[in-house]
Amino acid sequence: MSKETIEDIVVIGAGIVGISTALALQARGHRVRVLDRPDGRARASEMNAGAFAFTDIVPLATPGIMRKAPKWLLDPLGPLSVPPAYALRIAPWMLRFWRASWPDRYRSSLAAQAALMNLSRDALERQVSDTSGEHHLRREGQLQLFEGEKEFRASLPAWELRRQNGIRFDLLKRKEEIAEIQPGLDPRFTHAGFTPDWINTCDPASWLDHLGKTFCARGGRIEADSVTRISSEEDAVCLTTSRGDIRARQLVVCAGAWSHHLARSLGDRIPLETERGYNTTLPEGALDLRTHLTFSNHGFVVTRINGGVRIGGAVELGGLELPPNYRRADILLDKAKTFLPDLATTGGTQWMGFRPSIPDSLPVIDRSPSDPRVIYAFGHGHLGLTQSAGTAELVAAMAQNKPTPIDPGAFSVRRF
């Protein structure tokens, strides 16, 4: 490409946030080029639980959560853990996480999360309609399960927050009510909350593929190319890539867990860490699963993926370089078998992926302080699929210097 050629908008990252953003920009008349790492690894956008978790408005950093921190180090296979080999490195991030759990910050994060969820829920419906994608979705609700009265009562404040934010649900206090929605559960689960408006993809990989093909059919380009550096020039943003330099009028960084490295090359330091998520996908016929199941106190979910079943979850804050610990996936599968005795656990495929996590559980959706021609859209943690369409609409408005559909202040880079 000649030095004189300047792209309209380049998006770094072809995951669900990047492709959704590219589609939204394209719909507003921009010529968009998407660049993605050519390593061939299945990304979190393809191998997640496939849930649009619009009801999950409570941030991970809740008041009092740091009292549990010593347990994370002592139980490396627990639902939220920090590998001892990574504990020192993650300490600055954990300090910010602790500050985010203070009541004032928590309330602010909760309000911002709820606003982004509401936007993303409506934006998903617009995206589904625009791309004729309804056949990629399941609207079967979600069952959140509790072992006994004490565990159920501890969840009631979170249900009240959902009620205040207009989320429909039914609280179930009889095993017969639960069995009507999902038969075959172990009798230890005596209480549940059912959210009927919960939505899943039939397969997150197929949903991403559908959006990507729609983008390309409308004239967009998706190319395999590694971006190693971003720099500013007088008339453009310059991307140093494995295939040469690319210059653009505007750039959107949606590179997931790798995004902060690119931001740093531009001069912006953003406290992003990596949630390493694990799952096992079982073949067709593994279980007669009727709805999405959430075992909150055990940190995992059971969900339908096409005809099969995916068991996954947990949060391991372990960075990008430590080798996977697939014992975590084994633990989740063993628990799922205990909780669902009819589950056939043979023939599964294990996976580990990276989820970009910011200490206050909110993504960064903002222009770069170093170069306002660069827009950041990353750090969604385990909610990338959920918040992708809403994030895309925010970015598209920013790129055109138009009013955003919600106040983006809580997602500012400058909050750090």
Side-chain angles (χ1 to χ4, degrees), residues 53-84 86-117 144-165 167 169 171 189-193 195 271-277 294-301 313-318 328 331-332 335 355-363 379-383 386-387 410-411 415-416:
F54 301 124
T55 67
D56 288 358
I57 60 174
V58 179
L60 184 60
T62 55
I65 195 170
M66 290 306 292
R67 289 194 295 269
K68 303 175 183 178
K71 297 180 182 178
W72 303 345
L73 295 176
L74 294 173
D75 184 8
L77 298 177
L80 198 161
S81 70
V82 178
Y86 201 70
L88 185 61
R89 184 170 175 180
I90 203 176
W93 188 95
M94 292 299 297
L95 284 173
R96 286 190 170 97
F97 181 81
W98 170 64
R99 179 64 183 94
S101 72
W102 292 15
D104 60 332
R105 295 280 182 89
Y106 164 75
R107 287 191 294 269
S108 176
S109 296
L110 176 66
Q113 192 79 288
L116 183 55
M117 289 298 198
Q144 187 169 343
L145 295 149
F146 304 101
E147 300 172 74
E149 181 80 18
K150 182 178 179 181
E151 189 174 292
F152 172 69
R153 288 195 173 278
S155 76
L156 292 179
W159 290 111
E160 175 59 21
L161 288 171
R162 293 183 181 106
R163 185 192 65 76
Q164 292 172 8
N165 283 277
I167 296 168
F169 60 85
L171 298 181
F189 296 104
T190 57
H191 296 67
T195 47
L272 182 146
E273 263 301 339
T274 305
E275 292 183 28
R276 294 146 56 95
T294 299
F295 299 94
S296 296
N297 281 14
H298 296 273
F300 75 98
V301 302
V315 174
E316 180 187 60
L317 294 165
R328 296 183 67 81
I331 291 283
L332 298 182
K335 282 187 175 183
R355 302 175 294 202
S357 185
I358 301 292
D360 59 5
S361 299
L362 301 177
H380 299 79
H382 59 280
L383 296 170
T386 302
Q387 297 175 340
F411 313 112
R415 72 186 192 266
F416 308 115

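Pro356 and Leu272 make their closest contact through CB-CD1, 3.7 Å (heavy atoms, listed as atom of the first residue, atom of the second, distance). Among all heavy-atom pairs drawn from Phe97 and Pro359, the shortest one is CD1-O, 3.3 Å. Closest non-hydrogen pair, Leu60 versus Ile65, comes out as O-CD1, 3.0 Å. Considering all non-hydrogen atoms of both residues, Ala100 and Arg105 come closest at O-CB, 3.6 Å. Contact record, Ala192 with Phe152: O-CE1, 4.2 Å, taken as the closest heavy-atom pair.
The environment of Trp98 atom CH2 is sparse: at most 12 non-hydrogen atoms of other residues, nucleotides or ligands sit within 6.0 angstrom. Annotation: Arg153, atom CZ; neighbour count of heavy atoms from other residues, nucleotides and ligands within 6.0 Å does not exceed 12.
Annotation: side chain of Thr55 is not in contact with side chain of Phe169 (no heavy-atom distance under 4.5 Å). Between Arg355 and Thr274, every side-chain heavy-atom pair lies at or beyond the 4.5 Å cut-off. Side-chain contact check for Phe146 versus Thr190: every heavy-atom pair is 4.5 Å or farther apart. With a 4.5 Å cut-off on side-chain heavy atoms, His191 and Lys150 do not count as touching. For the pair Leu362 and Arg415, the minimum side-chain heavy-atom distance is below 4.5 Å. The side-chain heavy atoms of Pro363 and Leu116, taken from C-beta on, include a pair separated by under 4.5 Å. No side-chain heavy atom of Leu145 sits under 4.5 Å from any side-chain heavy atom of Thr294. The side-chain heavy atoms of His380 and Thr386, taken from C-beta on, include no pair separated by under 4.5 Å.
Atoms CG and CE, from Leu317 and Met94 in turn, are 6.5 Å apart once rounded to the nearest 0.5 Å. Interatomic distance, CG of Leu161 versus CD1 of Ile57, reported as 5.5 Å (0.5 Å rounding). Note that CZ of Phe300 is 7.0 Å distant from NZ of Lys335, once rounded to the nearest 0.5 Å. In this structure, CD in Gln387 is found 9.0 Å from NE2 in His382, a value given to the nearest 0.5 Å. Within the model, atoms CD1 of Ile90 and CG of Leu95 stand 11.0 Å from one another, a figure rounded to the nearest 0.5 Å. Here Gln113 contributes atom CD and Leu383 contributes atom CG; the two are 6.0 Å apart, rounded to the nearest 0.5 Å.
With Trp93 as the aromatic partner, Arg96 does not meet the cation-pi criteria of under 6.0 angstrom to the ring centre and within 45 degrees of the ring axis.
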Residue pair Asp104, Arg99: steps toward the side-chain contact (heavy atoms from CB on, under 4.5 Å) verdict | CA-CA 9 Å; Asp104 60 332; Arg99 179 64 183 94; 3.2 Å; yes
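Test Arg328, Glu316, Arg276 against Ser81 for side chain to side chain donor-acceptor pair (under 3.5 Å) and you get one pass: Arg328.
Judged by distance alone, the side chains of Glu151 and Asn297 do bring a donor and an acceptor atom under 3.5 Å apart.
In terms of the side chain to side chain contact (heavy atoms under 4.5 Å, CB included) criterion, residue partners of Pro59 (sequence neighbours excluded) are, by chain and number, Tyr106, Ser109, Leu110, Ser361.
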